[in-house]
Amino acid sequence: MRAQPELQRLFHLDSISGSQLSRSLDRLPTELPEWIFQQLAQRAKRRTATLGGISKTIWKLSIVDASSISLPFGLGDWARVSRKASSVKMHLRLVAASPDTVFPDAMVPTSGNVGDRACALHLVIPSDTTYVMDRGYDDYKKMEAWSTDGIRFVMRLRDRAFTTVLEESPVEAEGRILRDTKVQMGSAFRDDKQTLRLIEFTDEQGRRYRLVTSIWDLSAEDIAQIYKSRWLVELFFKWIKQHLSTVHVHSYKPQAIWNQLFLVLITALLVQEVQASFATRHTPWQLLKVMRVYLYLPWSSLEQEVLRPRRASKGKPPGARQKPKILRTTVGELRPSKK
């Protein structure tokens, strides 16, 4: 703030402290950043409407997951999850419009003691996408309700989850698909229960997975691939925590934290929108760094920098040997390694 005169004139401030930022975040009505986030998410949906999904057979996905943010135990006593820990959660729905295009379109902030199942009511709604969820969302009644409503989902089951097998389908003896069956959830058969599909498979490391789904028109291999695409939400959580400082909160009051989480998602969506408008090859992280530098300069300056022609390096030819490193100073010592 002190280094940016234009910013001082814009906000009528010559500086800002951490306590001022904390109070401002707490006073901000959460409905405002939530509304801005929803508007940007709708624009992202329109912008990616022509994309074809994960593959030719797998359409767009809505990946539902949650990420925890730890708080100091004494300052975050309202968010205690145990006698020694406090935390908040970001329950997120991430749309995978293609293998390399993802964006958040819904988020529910909660204290850390709110379970994933409770937030599924807000995040899993009728849609033209397929929902992907991990073990924390396995609720038998919700699964039946989603199936009744025509919601397509793929969910990993806990090892202790009970199923009643109705019919077994043949699988290849040496393949990764171990089982493909028609089941009802629970340990007892009832005529009024919905029939779901249970698939068991092993990954490349030999780990075994049990999936339940309402999808019948895709192969078991496609269902397994849908679940494997869940790693996209883990990458997104990692990105915002590393580059948007999600792990560091500016206030320990609930409304201020909710506002900060929505502002983080707004920033992520804005970076994607700028990236799409410039049709640049910059990665989101590269573009974010440039946007931070040019934040208080005219838009044309940012555009000129992003679209500036760059000399492409031809790289080293195949098989080229690395040149020996030469120390051009009398300071320090460079001792060749023994091979």
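Just so it is clear, the structure is predicted and the values come from calculations on it, not from any experiment. Along the sequence shown, residues are numbered consecutively beginning with 1.
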Side-chain ion pair, R308 and E305, N-O less than 4.0 Å: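 Yes, R308 and E305 are salt-bridged.
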Salt bridge present between R135 and D116 (N-O < 4.0 angstrom):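 So R135 does not pair with D116 through a salt bridge.
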Do the non-hydrogen side-chain atoms of [X] and [Y] ever get within less than 4.5 Å of each other?
X: M90; Y: T110; answer: no
X: T181; Y: S169; answer: no
X: R156; Y: M133; answer: no
X: L71; Y: S87; answer: no
X: Q39; Y: I36; answer: no
X: P33; Y: I266; answer: yes

All pairs passing ring pair (Phe, Tyr, Trp, His ring centres under 6.0 Å) where residues 16-49 contributes a residue, at least two apart: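 Those involving residues 16-49 are F37-F262.
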All pairs passing ring pair (Phe, Tyr, Trp, His ring centres under 6.0 Å) where residues 125-156 contributes a residue, at least two apart: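 Checked against ring pair (Phe, Tyr, Trp, His ring centres under 6.0 Å) - neighbours excluded - the pairs reaching residues 125-156 are W146-F153.
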For R176, all residues meeting salt bridge (charged side-chain N to carboxylate O under 4.0 Å, His left out), sequence neighbours excluded: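 Scan of R176 (salt bridge (charged side-chain N to carboxylate O under 4.0 Å, His left out), adjacent residues dropped) gives none.
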Name each donor-acceptor pair under 3.5 Å that joins a side chain in residues 216-228 to protein atoms two or more places apart or in another chain, with its distance.
residue, atom, partner, partner atom, Å
D217, OD1, R152, NH1, 3.3
D217, OD1, R152, NH2, 3.2
S219, OG, D222, N, 3.2
S219, OG, D222, OD2, 3.3
D222, OD1, T57, OG1, 3.4
D222, OD2, T57, OG1, 3.3
Y227, OH, D134, OD1, 2.7
K228, NZ, E204, OE2, 3.4

Shortest non-hydrogen contact between I69 and V249, atoms and distance: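 Result for this residue pair: CG2-CG1, 4.5 Å.
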Hphob cluster co-occupancy, M155 + L178, side-chain heavy atoms under 4.5 angstrom: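 No, because M155 and L178 fall into different hydrophobic clusters, even though each may have its own neighbours under 4.5 Å.
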Near-ring test F73/W78, centroid separation under 6.0 angstrom: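 W78 vs F73: aromatic centres not under 6.0 Å.
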Qualifying residues under side chain to side chain donor-acceptor pair (under 3.5 Å), relative to [X], sequence neighbours excluded:
X: R80; answer: none
X: E34; answer: none
X: T130; answer: none

Contact list for residues 194-203, test salt bridge (charged side-chain N to carboxylate O under 4.0 Å, His left out), sequence neighbours left out: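 Sorted result for residues 194-203: R179-E200, D180-R197, E200-R208, E200-R210, D203-R207.
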Residue pairs, two or more places apart or on separate chains, that pass salt bridge (charged side-chain N to carboxylate O under 4.0 Å, His left out) and touch residues 251-262: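 Qualifying pairs, neighbours excluded: D26-K253.
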Show me the donor-acceptor pairs within less than 3.5 Å that the side chains of residues 58-66 make with the rest of the protein, sequence neighbours left out.
residue, atom, partner, partner atom, Å
W59, NE1, D128, O, 3.4
K60, NZ, T48, O, 2.8
K60, NZ, A49, O, 3.4
S62, OG, T129, OG1, 2.7
D65, OD2, R230, NH1, 2.7

Counterpart residues, side chain to side chain contact (heavy atoms under 4.5 Å, CB included), relative to R83 (two or more places apart):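 Partners of R83 under the side chain to side chain contact (heavy atoms under 4.5 Å, CB included) test: none.
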Pairs satisfying side chain to side chain donor-acceptor pair (under 3.5 Å), at least one member in residues 237-250, at least two apart: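 Qualifying pairs: S67-K241.
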Atom pair CG (L269) and CD (Q38), whose distance is rounded to the nearest 0.5 Å: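 That separation rounds to 11.5 Å.
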Chi angles and distances behind the side chain to side chain contact (heavy atoms under 4.5 Å, CB included) call for E172, I177: CA-CA 7 Å; E172 294 183 11; I177 303 300; over 6 Å; no
